[in-house]
Amino acid sequence: IMASGEDIVKTHHRASTRIMRIGDPVFLCFCGMTNFYKFKLGFDRTFWIKSAKPEHLKVYETALASQEAALSVLGPSVKAEQVHEAYAEVIQDAKYDYPFRCGCTTGYSFLEKPFLIRGDQTILQPGMVFAVEGSVSTYDFRAQVGDSFLLLKGGMNK
C-alpha cells in the first residue's frame, strides 16, 4: 500500500499515477508482505518529501508516542486490550479522535487474533508475534509507524 498527498488519509489506498511534490506526506505499508521464516510481519512508515507541515509533525510525534506507550505495556500476562488502552490514552490526551486498534497478532497469515483493541481480553503469551502500530488520523493527514515484535518470557524482542 502506498499513498501520498491528500490520499494519505484513505485507508488501504493503492498506488496511482499521481506525481508527488516537495512537502507531500507519503505512507508505505508492507503489512503481510514482509516475511520472516514464512511468518507475515507488519511494517509501516510515514515520511515526507523534503519537508513537512508543522501540524503534520505534531500528528507524527503523537503516533510515535502512542506506539512507545503500547510497547511499554506489551508483554506476557498482559491483556491485549491493556496495550490498546495505553496507546489510545496518548492519542486522546493529544486531543485526537479515539483510535481503532494499535495492532494484531501476525503469523502465517496477517491480521490474526488476538487483536490489540478495546475489549480483547486475551492474555498475551511468550511466542506471540505482534504488529504494533502508532497511528493518528485527522481530517487531512494520517501518520502511522508500525513494527513487529516477538514476545519472550521476559518481555519482547524487536
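- Met128 and Ile123 fall into different hydrophobic clusters, where Ile, Leu, Val, Met, Phe, Trp and Tyr residues are linked whenever their side-chain heavy atoms come under 4.5 Å apart, directly or through other members.
- Here the CG atom belonging to Leu116 is positioned 5.5 Å from the CZ atom belonging to Phe130, to the nearest 0.5 angstrom.
- Across every non-hydrogen atom of Lys58 and Ala94, the tightest pair is NZ-O, 3.8 Å.
- To the nearest 0.5 Å, atoms CG (Asp140) and NZ (Lys53) are separated by 6.0 Å.
- Shown here is Gln92, whose CD atom has more than 12 heavy atoms of other residues, nucleotides or ligands within 6.0 Å.
- Residue Leu124 comes nearest to Gly75 through the heavy atom pair CB-O, 3.6 Å, listed as atom of the first residue, atom of the second, then distance.
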Margin query: Go through it in stages, so that I can follow the logic: the residues are Val59 and Thr46, the test is side chain to side chain contact (heavy atoms under 4.5 Å, CB included), and I'd like the CA-CA distance, side-chain angles, deciding distance and then a yes or no.
Written below: CA-CA 11 Å; Val59 174; Thr46 302; over 6 Å; no
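- No donor-acceptor pair under 3.5 Å is formed between the side chain of Arg45 and the backbone N or O of Gln144.
- Summarising the geometry of Gly134 relative to Tyr87, their closest heavy-atom pair is CA-CE1, 4.0 Å, with the distance given to 0.1 Å.
- One hydrophobic cluster holds both Phe149 and Leu151 under the rule that ILVMFWY side chains link at heavy-atom gaps under 4.5 Å.
- Sorted by first then second residue, the side chain to side chain donor-acceptor pair (under 3.5 Å) pairs that include residues 117-132, not counting sequence neighbours, are Lys79-Gln121, Glu81-Gln121, Tyr98-Arg118, Asp120-Thr122.
- Note on Val90: it does not cluster hydrophobically with Val145, by side-chain heavy-atom contacts below 4.5 Å among ILVMFWY residues.
- Cluster membership for Tyr60 and Ile91, using ILVMFWY side-chain heavy atoms within less than 4.5 angstrom, is shared.
- To the nearest 0.5 Å, the span separating OG on Ser137 from CG on Asp97 amounts to 8.5 Å.
- For Ile22 against Ser51, the heavy-atom pair with the smallest separation is CG2-OG, 4.3 Å.
- Within 6.0 Å of atom CG in Asp93, more than 12 heavy atoms from other residues, nucleotides or ligands are found, so the atom counts as buried in its surroundings.
- Taking each heavy atom of Ala63 and Ser135 in turn, the nearest pair found is CB-N, 4.1 Å.
- With sequence neighbours left out, Phe141 forms a ring-ring contact (aromatic ring centres under 6.0 Å, His included) with Trp48, His56.
- In this structure, OG in Ser148 is found 9.5 Å from CD in Glu133, a value given to the nearest 0.5 Å.
- Remark: Leu57 CG to Leu64 CG distance equals 10.5 Å, nearest 0.5 Å.
- Applying the side-chain hydrogen bond (donor to acceptor under 3.5 Å, both in side chains) test to Gln67 and every residue at least two apart in sequence or in another chain returns Asp147.
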